[in-house]
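Only one structure is covered here, and it is reproduced in the block below.
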Amino acid sequence: MENPEAEVYFVFLNFDPEYERLRANQLTKGSAELDAYLSNKHDQLLERLLEPNTYKKRSSLAIVDGFAVEITEKQAAILRSAKEVRVVEKNQELA
């Protein structure tokens with residue numbers, strides 16, 4: 001993805017009981033299952049809503065159900081309209 005208009009956005013998702021269950025269990029079972037669940041869930045959301053090769057997911061965030069992604073403002077608006085999405089915010093660099 002080489003789009004000069006793309007910027008990093010953080011996307012946070014709505015309540016997910018499976019995420020809560022896995023997060024609660026990670027102390028006893030480790031974080032691998034939670035990490036895999038979130039990465040797959042976030043990839044599927046992006047694949048369903050955005051055109052292939054127009055975005056770059058940077059990371060999934062396990063402490064919250066969210067991820068960082070390089071997208072355009074138009075793509076951010078598309079993500080904001082998804083029922084699973086709670087918040088989409090552009091990364092603000094601190095000086």
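Values reported hereafter were calculated over all heavy atoms of this structure, with side chains retained and with hydrogens, waters and symmetry mates removed.
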Give, for atom [atom1] of [X] and atom [atom2] of [Y], the distance between the pair rounded to the nearest 0.5 Å.
{"X": "R21", "Y": "L34", "atom1": "CZ", "atom2": "CG", "value": "10.0 Å"}
{"X": "E89", "Y": "Y9", "atom1": "CD", "atom2": "OH", "value": "9.5 Å"}
{"X": "E70", "Y": "N91", "atom1": "CD", "atom2": "CG", "value": "10.5 Å"}
{"X": "K74", "Y": "E5", "atom1": "NZ", "atom2": "CD", "value": "10.0 Å"}
{"X": "T72", "Y": "E7", "atom1": "OG1", "atom2": "CD", "value": "9.5 Å"}

Residue pair [X] / [Y], side-chain heavy-atom distance below 4.5 Å:
{"X": "R86", "Y": "L13", "result": "no"}
{"X": "F12", "Y": "L61", "result": "yes"}
{"X": "Q44", "Y": "N40", "result": "yes"}
{"X": "L79", "Y": "L46", "result": "yes"}

Let me check something: do [X] and [Y] share a hydrophobic cluster, defined by ILVMFWY side-chain heavy atoms less than 4.5 Å apart, either directly or through other members?
{"X": "V8", "Y": "I71", "result": "no"}
{"X": "Y55", "Y": "L49", "result": "yes"}
{"X": "V11", "Y": "L50", "result": "yes"}
{"X": "I78", "Y": "F67", "result": "yes"}

Checklist entry - Passes side chain to side chain contact (heavy atoms under 4.5 Å, CB included), V85 versus L45? Steps please. => result CA-CA 9 Å; V85 174; L45 177 71; 4.0 Å; yes

Looking at [X] and [Y], what are the two nearest heavy atoms and their distance?
{"X": "F10", "Y": "A68", "value": "CE2-CB, 3.7 Å"}
{"X": "Q26", "Y": "S31", "value": "OE1-CB, 3.8 Å"}
{"X": "V88", "Y": "A76", "value": "CG1-CB, 3.9 Å"}

Item to check | Any residue meeting side chain to side chain donor-acceptor pair (under 3.5 Å) with S60, in chain and number order, not counting sequence neighbours | outcome: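 S60: side chain to side chain donor-acceptor pair (under 3.5 Å) contacts with H42, K57.
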
Checklist entry - Looking at residues at least two apart in the chain, or sitting in another chain, which of them share a side chain to side chain contact (heavy atoms under 4.5 Å, CB included) with D16? => result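 For D16 the side chain to side chain contact (heavy atoms under 4.5 Å, CB included) partners, ignoring immediate neighbours, are E18, Y19, Y37, K41, D65.
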
Checklist entry - Of all residues at least two apart in sequence or in a different chain, which pass the side chain to side chain contact (heavy atoms under 4.5 Å, CB included) check with E51? => result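 Applying side chain to side chain contact (heavy atoms under 4.5 Å, CB included) to E51 gives T54.
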
Next on the checklist: Strictly distance-based, threshold 3.5 Å: is any side-chain N or O of S39 a donor or acceptor partner for the main-chain N or O of A36?
Outcome noted: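 Side chain of S39 to backbone of A36, a donor-acceptor pair under 3.5 Å: no, none is there.
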
